[in-house]
Amino acid sequence: MDEEERRKLIELTAKKEEKREEKKESKEKTLPDLPKAEKGKVVMRFAPNPNGPPTLGSARGMVVNDEYAKIYDGKLIIRFDDTDPRTKRPMLEAYEWYLEDAEWLGVKPHEVVYASKRIPMYYDYVKKLLEMEKAYPCFCSREEFKKFRDKGIECPHRNTPAEKALEIWDRMLAGEFDEGEVVIRIKTDMKHRDPAIRDWVAFRIIKADHPLVGDRYTVYPTLDFESAIEDHVLGITHIIRGKDLIDSERRQRYIYEYFGWEYPVTKHWGRVKIHEFGKLSTSEIRKEIEKGVYEGWDDPALPTIRALRRRGFRAEAIRKFLLSLGVGENDVAVSMKNLYAENRKIVDRTASRYFFVWDPVAVEIKGLPESRVVRIPKKPEGNEYRELTGEKDVLIAGDDWDRFEEGDVVRLKDFCTVRVKSKEKNQLEFVSWEMSENVRKGRNIVHWLSWKDGVVCVVIGDKPLLRWGGFAEKNAVQDAGKVVQFERFAFCRIEFADESGIRAIYTHP
RNA sequence: GUCCCCGUCGUCUAGCCAGGUCCAGGACACCGGCCUUUCACGCCGGCAACGUGGGUUCAAAUCCCGCCGGGGACGCCA
């Protein structure tokens with residue numbers, strides 16, 4: 001064995017050792033290491049177009065980037081990529097929604113940038129490229145250019161000299177051209193293996209009102225250009241985003257090469273699809289809201305962060321759920337059940353328990369010796385109690401009543417044991433105060449409510465227009481704003497409550 | 001059509017880059033059981049995966065090739 005071999009062997013052994021160590025540590029790690037990441041020097045970014053409120057999908061971008069920024073003691077920048085006032089027109093309120101939801105999710109940006117407010121800067125950079133003849137004004141129609149691109153042929157405008165190109169550029173800025181008449185293209189390679197990369201558009205003319213900058217500009221950069229410049233200017237070290245932007249990197253690298261910049265480290269993740277929501281695009285949701293299918297952007301049937309917050313989900317549960325998806329490039333189709341499980345872990349210990357009788361049926365307990373006040377624990381642990389009065393006239397859930405057959409022995413939870421006497425007359429028959437041997441555990445222990453303890457309650461479901469109506473125990477009024485568990489029903493957040501009634505939102509089972 | 005990416009339990013994911021400690025770990029779901037005056041929580045146990053065919057190697061989930069399957073890009077959208 002010569003020196004060289006010996007050295008390699010030692011190196012290899014060291015690497016293996018290192019790997020073993022890593023394995024031991026990685027048990028608690030939520031996300032994989034970021035390549036080339038140095039503690040204290042990492043700058044991440046989250047760059048949404050605010051054309052609607054954040055959804056679970058966009059929240060993934062916030063949370064993962066934020067998590068990495070935290071892991072490496074780095075920075076997180078939120079940048080609004082809002083440079084298309086037409087096709088993906090930003091929504092004025094949505095800027096605020098993003099910031100609000102970010103804060104709620106525990107995402108703390110060190111800086112917030114609005115691309116639409118920095119358009120002159122992009123002009124400066126493209127001017128340089130025009131001078132370098134790395135960009136050119138192109139008068140081809142979309143169709144004409146598509147032909148050139150598909151064939152891999154340069155278009156006639158590609159060789160416009162810098163001087164002439166700059167003159168056209170100035171005329172563009174002066175508003176001398178109409179929409180669609182001319183665009184600025186970045187020179188790449190018309191023979192590039194991937195047609196998607198060939199001479200892409202950096203600027204186009206859009207004469208539309210922008211919610212933030214109005215009609216100040218008519219020449220707007222495309223995302224590819226704006227983002228390329230910003231990532232460098234802002235000193236972004238790592239980009240993590242959806243893989244729909246994977247080609248974007250290949251296009252942008254040309255600019256980085258022309259300017260001699262270093263492209264950030266990138267990572268792209270696959271599409272997330274949530275079983276329960278399917279594929280809902282922002283524009284589709286907007287239409288449905290207009291049609292009245294959803295009440296608004298915070299409708300509990302929607303996967304927006306504001307809707308989930310309204311439903312009573314905890315930010316921490318959402319973070320964990322999103323982080324659990326990792327940063328792999330494969331598409332994921334995940335179930336809300338995972339989110340439910342995370343949230344339940346947090347909420348179960350603290351949620352007060354109450355009775356909610358949905359689709360109520362009034363029944364009479366024949367032979368009940370007396371009315372009794374019962375004390376029931378409010379929570380699984382601790383010594384808080386609530387009181388209910390058991391009387392001969394009570395309400396029970398329609399689902400339960402329908403299931404029962406005459407002769408069944410049923411336990412009214414914490415109150416008394418009864419036998420179903422007459423389905424037709426809605427009559428029960430008192431058996432005993434004690435728990436009877438005949439009561440099967442599980443579905444034969446049901447909740448109930450006397451009229452005096454009840455208050456009208458509607459629960460807004462997690463599917464469009466789904467509602468449950470019935471009575472909830474009055475004690476629940478004191479938990480307005482909180483997540484409670486309606487026993488044998490589900491966790492719900494009490495959104496509004498007073499003596500006249502309760503409105504609750506379905507959280508999860 | 002051209003180009004790119006991805007395939008580990010039902011689902012999500014760890015492991016893959018630096019092959020052995022992986023007859024593959026965790027979570028959710030599911031199925032038993034315990035606890036319980038909620039079908040909740042908790043506890044115990046169980047089921048269950050490396051798409052496929054070759055190759056390299058003493059050794060492959062890990063490296064190479066083919067095939068099959070899935071997704072995406074080819075906007076003057078983001």
Side-chain angles (χ1 to χ4, degrees), chain A residues 11-12 14-16 18-20 23 26-27 29 32 35 47-49 51 81-84 86-90 138 140-142 145-146 149-150 152 179-185 192-198 200-206 220 222-224 226-227 241-248 250-251 268 270-272 275 282 320-321 323-342 344-345 347-349 351 353 355 374 376-377 379-381 411-415 417 434-436 439 441-447 485-491 509:
Chain A
E11 211 170 80
L12 210 61
K15 268 184 179 169
K16 280 185 179 174
E18 204 177 292
K19 193 174 163 186
R20 270 172 222 176
K23 269 189 180 173
S26 70
K27 286 285 177 215
K29 242 180 231 174
N49 173 26
N51 64 342
D81 283 348
D82 57 347
T83 57
D84 179 6
R86 172 145 288 145
T87 325
K88 292 265 171 91
R89 191 172 192 275
C138 174
C140 292
S141 69
R142 294 166 197 248
F145 192 82
K146 188 172 164 46
R149 178 175 51 215
D150 290 347
E179 274 188 40
E181 224 182 319
V182 58
V183 295
I184 299 297
R185 290 187 183 277
H192 196 286
R193 296 151 51 86
D194 185 352
I197 308 304
R198 298 172 189 169
W200 50 276
V201 171
F203 283 86
R204 74 290 211 211
I205 295 166
I206 303 175
Y220 283 92
T222 56
L223 171 86
D224 282 332
E226 173 265 320
S227 170
R241 59 186 168 194
K243 68 177 178 184
D244 45 325
L245 262 5
I246 211 154
D247 284 337
S248 199
R250 284 194 268 268
R251 286 192 277 256
H268 296 92
R271 273 211 174 289
V272 202
H275 294 315
T282 303
K320 277 191 180 164
F321 169 69
L323 255 17
S324 80
L325 301 181
V327 285
E329 272 194 45
N330 41 349
D331 295 336
V332 300
V334 73
S335 166
M336 285 290 281
K337 285 180 181 176
N338 293 278
L339 213 207
Y340 295 167
E342 290 296 350
R344 198 153 37 218
K345 277 181 204 162
V347 141
D348 187 78
R349 288 201 321 275
R353 267 59 175 172
F355 285 168
V374 298
I376 310 178
K379 298 175 185 183
E381 294 163 20
R411 177 69 183 175
L412 298 184
K413 189 170 181 283
D414 296 304
F415 174 28
T417 306
E434 284 71 40
M435 185 75 171
S436 156
V439 177
K441 296 255 170 121
R443 289 157 64 94
N444 272 21
I445 298 174
V446 305
H447 61 292
Q485 190 199 49
F486 284 141
E487 291 190 53
R488 306 206 315 128
F489 180 70
F491 286 92

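Chain letters run A, B, ... following the sequence lines, proteins first and then strands; every chain starts at 1.
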Residue [X], side-chain heavy atoms: nucleotide from [options] that is nearest:
X      : options             : result
A:N330 : B:U37, B:U13, B:A78 : B:U13
A:V334 : B:C12, B:C76, B:U38 : B:C12
A:Q485 : B:C41, B:C12, B:U38 : B:U38
A:K337 : B:A40, B:C28, B:A78 : B:C28
A:V332 : B:C28, B:A78, B:C12 : B:C12
A:I445 : B:C76, B:C41, B:U37 : B:U37

Given atom [atom1] of [X] and atom [atom2] of [N], what is their separation to the nearest angstrom?
X      : N     : atom1 : atom2 : value
A:M336 : B:G10 : CE    : C1'   : 19 Å
A:F203 : B:C77 : CZ    : P     : 13 Å
A:K320 : B:A27 : NZ    : C1'   : 11 Å
A:E329 : B:U13 : CD    : P     : 12 Å
A:F355 : B:C39 : CZ    : P     : 12 Å
A:L223 : B:G75 : CG    : P     : 15 Å
A:L323 : B:A14 : CG    : P     : 12 Å
A:N49  : B:A78 : CG    : P     : 7 Å

Looking at every strand, decide which applies to [X] at a 4.0 Å heavy-atom threshold: base, sugar-phosphate, or nothing.
X      : answer
A:L325 : sugar-phosphate
A:S227 : nothing
A:D414 : base
A:I205 : nothing
A:A333 : sugar-phosphate
A:F491 : sugar-phosphate
A:V183 : base

Would a 4.5 Å heavy-atom cut-off, applied to side chains only, mark [X] and [Y] as touching?
X      : Y      : value
A:H447 : A:F489 : no
A:T222 : A:V183 : no
A:R198 : A:D150 : no
A:I184 : A:V201 : no
A:P509 : A:R344 : yes

What integer number of Å spans the [atom1] atoms of [N] and [M]?
N     : M     : atom1 : answer
B:A49 : B:C28 : C1'   : 16 Å
B:C67 : B:G1  : P     : 14 Å
B:C58 : B:A48 : C1'   : 32 Å
B:U11 : B:C74 : C1'   : 32 Å
B:G20 : B:A78 : P     : 45 Å
B:C63 : B:C50 : C1'   : 15 Å
B:C47 : B:G33 : C1'   : 15 Å
B:C23 : B:C68 : C1'   : 27 Å

Closer than 4.0 Å, any side-chain N/O of [X] to the OP1 or OP2 of [N]?
X      : N     : result
A:S324 : B:C28 : no
A:K88  : B:G75 : no
A:R349 : B:C41 : no
A:R250 : B:C3  : no
A:R193 : B:C4  : yes

* Asked: With nearest nucleotides of RNA chain B determined for A:R411 and A:V201 from heavy-atom distances, which residue corresponds to the more 5′ nucleotide?
  ->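 By nearest-heavy-atom nucleotide position, the 5'-most residue is A:R411.
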* Asked: Closer to the 5' end of RNA chain B via nearest nucleotide, is it A:H447 or A:R198?
  ->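 Residue closer to the 5' terminus by nearest nucleotide: A:R198.
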Would you tabulate the nitrogen or oxygen pairs shorter than 3.5 Å linking the protein to nucleotides 67-74 of chain B?
| unit_1 | atom_1 | unit_2 | atom_2 | d |
| --- | --- | --- | --- | --- |
| B:G71 | O2' | A:D331 | OD2 | 2.6 |
| B:A73 | O2' | A:D247 | OD2 | 2.5 |
| B:C74 | O3' | A:R149 | NH2 | 3.3 |

Using both distances under 3.5 Å as the test, list the Watson-Crick or G-U wobble partner of [N], or none.
N     : answer
B:U11 : B:A27
B:C39 : none
B:C3  : B:G72
B:C47 : none
B:U56 : none

* Regarding A:R86 and the six-membered ring of A:Y220, is the cationic atom NZ or CZ under 6.0 Å from the ring centre and inside 45° of its axis? ->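 No, A:R86 and A:Y220 do not form such a contact.
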* **salt bridge (charged side-chain N to carboxylate O under 4.0 Å, His left out) against A:K337, all qualifying residues, sequence neighbours excluded** =>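 A:K337 satisfies salt bridge (charged side-chain N to carboxylate O under 4.0 Å, His left out) with no residue once adjacent residues are dropped.
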* **Donor-acceptor contact present, side-chain A:N49 to main-chain A:K88, <3.5 Å** =>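 Yes, because the side chain of A:N49 sits within donor-acceptor range (under 3.5 Å) of the backbone of A:K88.
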* Asked: Syn or anti: how is B:G75 classified when any glycosidic angle within 90° of 0 counts as syn?
  ->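 The base of B:G75 is oriented syn (glycosidic angle within 90° of 0).
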* Hey, is NZ on A:K413 packed in by over 12 heavy atoms from elsewhere, all under 6.0 Å? ->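 Atom NZ in A:K413 is packed in, count exceeds 12.
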* To do: Rounded to the nearest 0.5 Å, what's the gap from CG on A:D82 to CD on A:E226? Could you check?
  =>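 Going from CG on A:D82 over to CD on A:E226, the span is 7.5 Å.
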* Asked: If you measure from NZ on A:K243 to CD on A:E329, what distance do you get to the nearest 0.5 Å?
  ->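 Nearest 0.5 Å value for the NZ-CD distance: 6.5 Å.
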